[in-house]
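Below is one structure, written out as structure tokens, with a few remarks after it.
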Amino acid sequence: MKTKRLFLICGFMTALAGAAFAQSDLQALTVVKYNKSESITVKQLRSRCDVYEKQMGKKLTLEERKTVLKALVEEKLILQAAQKLGITIPDSAVDQYFLQGLSQQFGAAGANISEKDLNEMIKNQMGITLDQLLVQQVGMNVAEYKLYLKNQLIAQQYVVTQKQNELAKVAPTDEEIRAFYEGNKASFVQTDMAKLFLIAVPKGNDPEAARTKLNDLRNKYVDKKMTSDQIIVQSKLDNSGYQAGEQILPKTEQSAAILGMPYQNLLLLFGQNEGFVSDLQDTATDYILVALVKKYDAKMLSISDVVRPDTTITVYDYIRSNLGQQKQMMFVQTAAQEIADSLYKPEYVEEKKSGAALDKLLSWGE
């Protein structure tokens, strides 16, 4: 009986400790009330600190945690100011920004790929999901990271509306552009690339009909009865039953993954002459045709060369755009801090915890 009672007491004490921890997690550290009343809790601060610790590979000190708390307050102040002006960012824009960033990371920049395609590409390359990859890299899953991006974009948009006249004057000089090219000349290289024309017919419930449709389209294309442009236009009609388009892709494993073919097959395709049209490729869900429209050999790019074949953007334009974005981003960061400082007033920020009480709450895990 005594042993049983001891277990009950231990279980009760454990439950009390868990409840106390949960209550501590929910305590408000600061209340931001520029446009509405919003609390920043210990839990919210811990979540953001966990993200930074994962990215930095080390535990944050007490003073660093206080810095993160101040940054969260400033972030909420700017977001509330943006909300007061009615500034919003549609989810579609967040999705596009999200996909662009990750596509560049995986060598698929410029390719029109969906989140599903990206998830499959990551599974094939790394054996994990997109969710798992983001948790590893930034400590947030897809939904959490998109919300973080959305808040950042809203804050940036607010700062831009407040400082648009000054921002318009921020631009790199010709001297800065040419100096950047000279200092990074070795990185401006065009790898082997090819323009491909692709047609995909979903098998659906009738694979034989899909095969017949793709064979018919192939014959019309090869016999010059229909151009690639005509086939692409027709593919956009309701109930066309197929997809078609052109893509310029580098000779990489990532490109092979985008096309849904083994890398060895892509190498064989690059070895063909321009004008080559493949036989029907059989995948799990579609019949696919690939035509090699044009090949582009690898070369060093001069400052006046186009960055990507079939475009008009030169290396000079590319550097000017990127340097301009960097300068504007630095300006926006500085302006955001100035705006946050101007909003950080007692009437808008109520510090619920300070001194030793704040230090105690911020000393978790120690």
Side chains of [X] and [Y] only: does a donor on one sit below 3.5 Å from an acceptor on the other?
| X | Y | answer |
| --- | --- | --- |
| Thr212 | Asn215 | no |
| Ser39 | Thr41 | no |
| Gln337 | Asp341 | yes |
| Ser114 | Asp117 | yes |

Just checking [X]: does its [atom1] atom have more than 12 heavy atoms from other residues, nucleotides or ligands closer to it than 6.0 angstrom?
| X | atom1 | answer |
| --- | --- | --- |
| Leu268 | CG | yes |
| Asn184 | CG | yes |
| Asn205 | CG | no |
| Lys203 | NZ | yes |
| Glu175 | CD | no |

Test log, rule salt bridge (Lys or Arg N to Asp or Glu O under 4.0 Å), inputs Asp174 and Arg320: CA-CA 8 Å; Asp174 178 74; Arg320 179 175 58 189; over 6 Å; no

Chi angles and distances behind the side chain to side chain contact (heavy atoms under 4.5 Å, CB included) call for Val142, Glu115: CA-CA 10 Å; Val142 171; Glu115 190 171 317; 3.7 Å; yes

Nearest atoms (heavy-atom pairs only) where [X] meets [Y]:
| X | Y | value |
| --- | --- | --- |
| Ala335 | Val159 | CB-CG1, 3.7 Å |
| Leu259 | Leu198 | CD2-CD2, 3.2 Å |
| Leu249 | Ser255 | CB-OG, 3.7 Å |
| Thr314 | Ser304 | CG2-O, 3.5 Å |
| Lys327 | Val170 | CB-CG1, 3.5 Å |
| Lys345 | Ser342 | CE-O, 2.9 Å |

Qualifying residue, where the test is side-chain contact (heavy atoms from CB on, under 4.5 Å) with Thr227 and the options are Gln230, Lys225, Lys224: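 Of the listed residues Gln230, Lys225, Lys224, the side-chain contact (heavy atoms from CB on, under 4.5 Å) partner of Thr227 is Gln230.
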
From Asp216, Leu280, Asp206, residue fulfilling side-chain contact (heavy atoms from CB on, under 4.5 Å) relative to Arg211: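 With Arg211 as partner, Asp216, Leu280, Asp206 yield a single side-chain contact (heavy atoms from CB on, under 4.5 Å), made by Leu280.
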
Taking NZ, NE, NH1 and NH2 as the nitrogens, is one of them in [X] or [Y] under 4.0 Å from a carboxylate oxygen of the other?
| X | Y | answer |
| --- | --- | --- |
| Arg46 | Asp50 | no |
| Glu53 | Arg48 | no |
| Glu182 | Lys185 | yes |
| Asp359 | Lys66 | yes |
| Lys70 | Glu74 | yes |

Chi angles and distances behind the side chain to side chain contact (heavy atoms under 4.5 Å, CB included) call for Gln83, Lys36: CA-CA 10 Å; Gln83 289 165 358; Lys36 60 182 179 181; 3.6 Å; yes

Cation-pi, Tyr348 ring and Lys33 (6.0 angstrom, 45 degrees):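 No, Lys33 and Tyr348 do not form such a contact.
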
Cation-pi, Phe98 ring and Lys150 (6.0 angstrom, 45 degrees):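 The answer is no; the distance or angle limit is not met.
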
Residue pair Lys295, Asp192: steps toward the salt bridge (Lys or Arg N to Asp or Glu O under 4.0 Å) verdict: CA-CA 8 Å; Lys295 293 197 292 186; Asp192 288 325; over 6 Å; no

Gap separating the [atom1] atom of [X] from the [atom2] atom of [Y], nearest 0.5 angstrom:
| X | Y | atom1 | atom2 | value |
| --- | --- | --- | --- | --- |
| Ile78 | Lys76 | CD1 | NZ | 12.5 Å |
| Leu45 | Lys43 | CG | NZ | 13.5 Å |
| Met226 | Asn219 | CE | CG | 12.5 Å |
| Thr252 | Leu267 | OG1 | CG | 10.0 Å |
| Ile40 | Glu75 | CD1 | CD | 8.5 Å |
| Ile319 | Glu176 | CD1 | CD | 12.0 Å |

Are [X] and [Y] connected in the hydrophobic side-chain network, where two residues link if heavy atoms are under 4.5 Å apart?
| X | Y | answer |
| --- | --- | --- |
| Leu289 | Val201 | yes |
| Leu72 | Leu79 | yes |
| Tyr97 | Leu102 | yes |
| Leu85 | Val332 | yes |
| Leu301 | Ile177 | yes |

Backbone N/O of Thr129 and side chain of Gln132: donor-acceptor pair under 3.5 Å: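 Looks like yes, one N/O pair under 3.5 Å.
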
Ring pair (Phe, Tyr, Trp, His ring centres under 6.0 Å) partners of [range], not counting sequence neighbours, each pair once:
| range | answer |
| --- | --- |
| residues 270-313 | none |
| residues 127-164 | none |
| residues 168-194 | Tyr181-Phe188 |

Non-hydrogen side-chain atoms of [X] and [Y] separated by less than 4.5 Å:
| X | Y | result |
| --- | --- | --- |
| Val293 | Glu274 | no |
| Arg308 | Ile313 | no |
| Pro250 | Gln190 | no |

Trace of the side chain to side chain contact (heavy atoms under 4.5 Å, CB included) decision for Val290 with Ile288: CA-CA 7 Å; Val290 183; Ile288 297 174; 4.1 Å; yes

Salt bridge (Lys or Arg N to Asp or Glu O under 4.0 Å) assessment of Lys352 paired with Glu350: CA-CA 6 Å; Lys352 290 290 188 180; Glu350 181 184 354; 3.0 Å; yes

Stepwise side chain to side chain contact (heavy atoms under 4.5 Å, CB included) test for Leu29 and Leu69: CA-CA 9 Å; Leu29 298 171; Leu69 175 59; 4.1 Å; yes

